[in-house]
There are 2 protein chains.
Amino acid sequence: MSGLRERKKAATRHAIQEQALRLFLERGYERTPVAEIAEAAGVSPMTFFRYFPTKEDVVEHDEYDPVLARLVVARPPDERPLAAVGAAVGTALAALGERELETVLVRTRLVLSTPALRARRSGNESATRELFAGALATRAGVEQPALTHRVAAAAAVATLTTALETWVDEDGRRHLAVVVQEAFGALLDGVSPGRTPG
Amino acid sequence: MSGLRERKKAATRHAIQEQALRLFLERGYERTPVAEIAEAAGVSPMTFFRYFPTKEDVVEHDEYDPVLARLVVARPPDERPLAAVGAAVGTALAALGERELETVLVRTRLVLSTPALRARRSGNESATRELFAGALATRAGVEQPALTHRVAAAAAVATLTTALETWVDEDGRRHLAVVVQEAFGALLDGVSPGRTPG
DNA sequence: TCACACATGAGAGCGACTATCAGGTAGGTG
DNA sequence: CACCTACCTGATAGTCGCTCTCATGTGTGA
C-alpha cells in the first residue's frame, strides 16, 4: 500500500501544511493567500484545495478525539460522567511529550488569535461534544445519549476549552495536564459547595 | 433624534433582514447570494454590507446577553455560580411570550442547520462566556474573573446550547424554560450523585 | 436658502472556492 | 519491456463574499 504515489501524496500534503504554518506564523493567517502557500509548497492553488477542502483545514488535526472517546468508554461505570471525562483527558495528556506539547501550544495560539480559525474550532467542538456524549452513553450501556450525557459532554468540552485558553495565556508555563485538572476541579467548585480536592 | 433619515435607515435595515430570512428559509442560506437579498430589499449589494458587515450578521441578534449578565450579577452571592446562571436564565426565559419563542425557534433552527451560521454562533458563544465570567466575578466582588468563574460560565453556556439544541429537536413542543431547567438539573446529575430535585 | 454631512450606487478588484477539460505519470498486465 | 488504464495535476473560467474609491443625490442644521 506504500507505492511511489502514496509517498508523493504524503510528501505533498506535508509540504503544504509545513509551508502554510510557517507563512501563517510569519505574516498572519489573513494576510497569507492560498496561492502563496501553494507556490511555497511547489504546487498549484488547485492542488492545495484537493488536499485541504478549505484554507482553515490546513491548520487543524483533531486526531485526539477518537482516542479520548475510547478512554471515556473504558472508565469505571460508577464514576460520574464529568469525572470520567476529566480522568480520560488526564490520562491522554500524560502521554504527551515535551515536543508534542510545544506543537500544540504554537498551533493553539494561532487558532485562538485568528477569528476565522477560532470560529471553526468552535464548530468542531460540536462534533467533539457528540462524540463524548456517545461515549458516555456507551459506557452507561444505552444506545442513544440521554440529556445527562449530552450536557455532561458539553460541559466537559467547555471546561477543556477554558483550560486550553488559560494554558495559552500562561504561555504553557505549567503542564497542560495540571491546568486541565485544575479546571475540572473549578467546575466542581462551581456546582457544589463541599468538594474533596484530589 | 428620529428624523426622516433615521426612519429610512431603520426601514431599510428591517427590509433587508426580512427578505434575507424569507429567502434563507425558501432556498437555503448557501444558495441565496447577497445580491438577491439586496435586490429583493430594493437596495444595491453595497448597501447590504453597509448595514450588515457580513452575510452571517443578518441572521443574528444577540440582544439577550447583556440582560442575562445583569440578572446574574443580581443573584444572591451565596448561590453557587452555575445555579446563579441557571436561575438568571430561567428568569429571563419566563419573560418571553409565545410569538417571541416562535421567532427564536425558527431562527435557531436555521442557524443549527447551516454550518456557516453554526460556526459563527459558536464563535459568539466565546464572547458570551467572557460576559458571564465577568458577571460572576462582579457578583463575587472581584475585578478579574477567576478560573472558577470562567469554567462555570463556559459550562453554563454549554448547558444552554445543549438545551437549545434539544428544544429545537423537539420542535419546541415543551417551553424552552422547562428544557433549560432540565438541562441544568442534568448537569448537577453529571457531577454529583445525590442531588435534590427542584 | 445655502452649505455641509451622509447615505447610496457604480465599477473595479481581491481572495476563497468550484467545475470542466486536457495532459502527464504511476501501476498492474500482457 | 511495452501498454493501457486509472489517477494526480494544472490551466482556465467562473461564482460569491467582501472591500475600496469615486461621484451623485438627498436630508439636515445654520
Notebook entry, point to check: Going 5' to 3' along nucleotides 17-24 of chain D, which nucleotides have protein heavy atoms under 4.0 Å from the base (write B), which only from the sugar-phosphate (write S), and which from neither (write -)?
Noted result: SBSB----
Next item on the list: Output the single nucleotide from C:dG9, D:dC7, D:dT9 whose closest atom is nearest the side chain of B:Ser44.
Entry: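 Among the listed nucleotides, the one closest to the side chain of B:Ser44 is C:dG9.
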Notebook entry, point to check: A:Lys8 has a side chain; which of C:dT25, D:dG27, C:dT8 sits nearest to it?
Noted result: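 Of the options given, the side chain of A:Lys8 lies nearest C:dT25.
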Protein-nucleic acid N or O pairs under 3.5 Å, nucleotides 28-30 of chain C:
none

Starting from [atom2] on [N], measure out to [atom1] on [X] and report it in whole angstrom.
X       : N      : atom1 : atom2 : answer
B:Ile16 : C:dA7  : CD1   : C1'   : 12 Å
B:Lys9  : D:dT28 : NZ    : C1'   : 14 Å
A:Asp57 : C:dC17 : CG    : C1'   : 12 Å
A:Arg5  : C:dA26 : CZ    : C1'   : 4 Å
B:Glu6  : C:dC6  : CD    : P     : 11 Å
A:Glu39 : D:dA11 : CD    : C1'   : 16 Å

Next item on the list: Considering just the side-chain nitrogens and oxygens of A:Tyr51, establish if one lies under 4.0 Å of OP1 or OP2 belonging to D:dC8.
Entry: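 No, no such contact exists.
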Check: So which heavy atom on A:Leu23 is nearest to which on A:Ala40, and how close?
Finding: CD1-CB, 4.2 Å
Does the side chain of [X] pick up a donor-acceptor pair with the side chain of [Y] at under 3.5 Å?
X        : Y        : result
B:Asp169 : B:Thr166 : no
B:Thr162 : B:Thr159 : no
B:Glu125 : A:Ser122 : no

Next item on the list: Not counting sequence neighbours, which residues clear side chain to side chain donor-acceptor pair (under 3.5 Å) with B:Arg121? List them please.
Entry: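 Partners of B:Arg121 by the side chain to side chain donor-acceptor pair (under 3.5 Å) criterion, ordered by chain and then number, come out as B:Glu60.
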Check: Can you list every salt bridge (Lys or Arg N to Asp or Glu O under 4.0 Å) pair that touches residues 107-117 of chain B, not counting sequence neighbours?
Finding: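 The answer is B:Arg109-B:Asp171.
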Margin query: Quick check on the hydrophobic clustering: are B:Leu176 and B:Val157 connected, directly or via other members, by side-chain heavy-atom contacts under 4.5 Å?
Written below: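 Yes, it is one cluster - the side chains of B:Leu176 and B:Val157 are joined through contacts under 4.5 Å.
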Notebook entry, point to check: Which residues in residues 114-123 of chain A have at least one heavy atom lying under 4.0 Å from any atom of DNA chain D?
Noted result: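 Close to the strand, none.
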Next item on the list: To the nearest 0.5 angstrom, please state how far the NE2 atom of A:His149 sits from the CG atom of A:Leu147.
Entry: 10.0 Å
Next item on the list: Find the distance between NZ (B:Lys9) and CZ (B:Arg50) and round it off to the nearest 0.5 Å.
Entry: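 Atom-to-atom, B:Lys9:NZ and B:Arg50:CZ are 11.0 Å apart.
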Check: When you look at CD of B:Glu170, are more than 12 heavy atoms from neighbouring residues, nucleotides or ligands closer to it than 6.0 Å?
Finding: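 Counting neighbours around CD of B:Glu170, more than 12 heavy atoms of other residues, nucleotides or ligands fall under 6.0 Å, so yes.
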Would you be so kind as to tabulate the donor-acceptor pairs closer than 3.5 Å made by side chains of residues 127-135 of chain B, with sequence neighbours excluded?
{"from": "B:Thr128", "atom 1": "OG1", "to": "B:Asp65", "atom 2": "OD2", "distance (Å)": "2.7"}
{"from": "B:Thr128", "atom 1": "OG1", "to": "B:Asn124", "atom 2": "O", "distance (Å)": "3.4"}

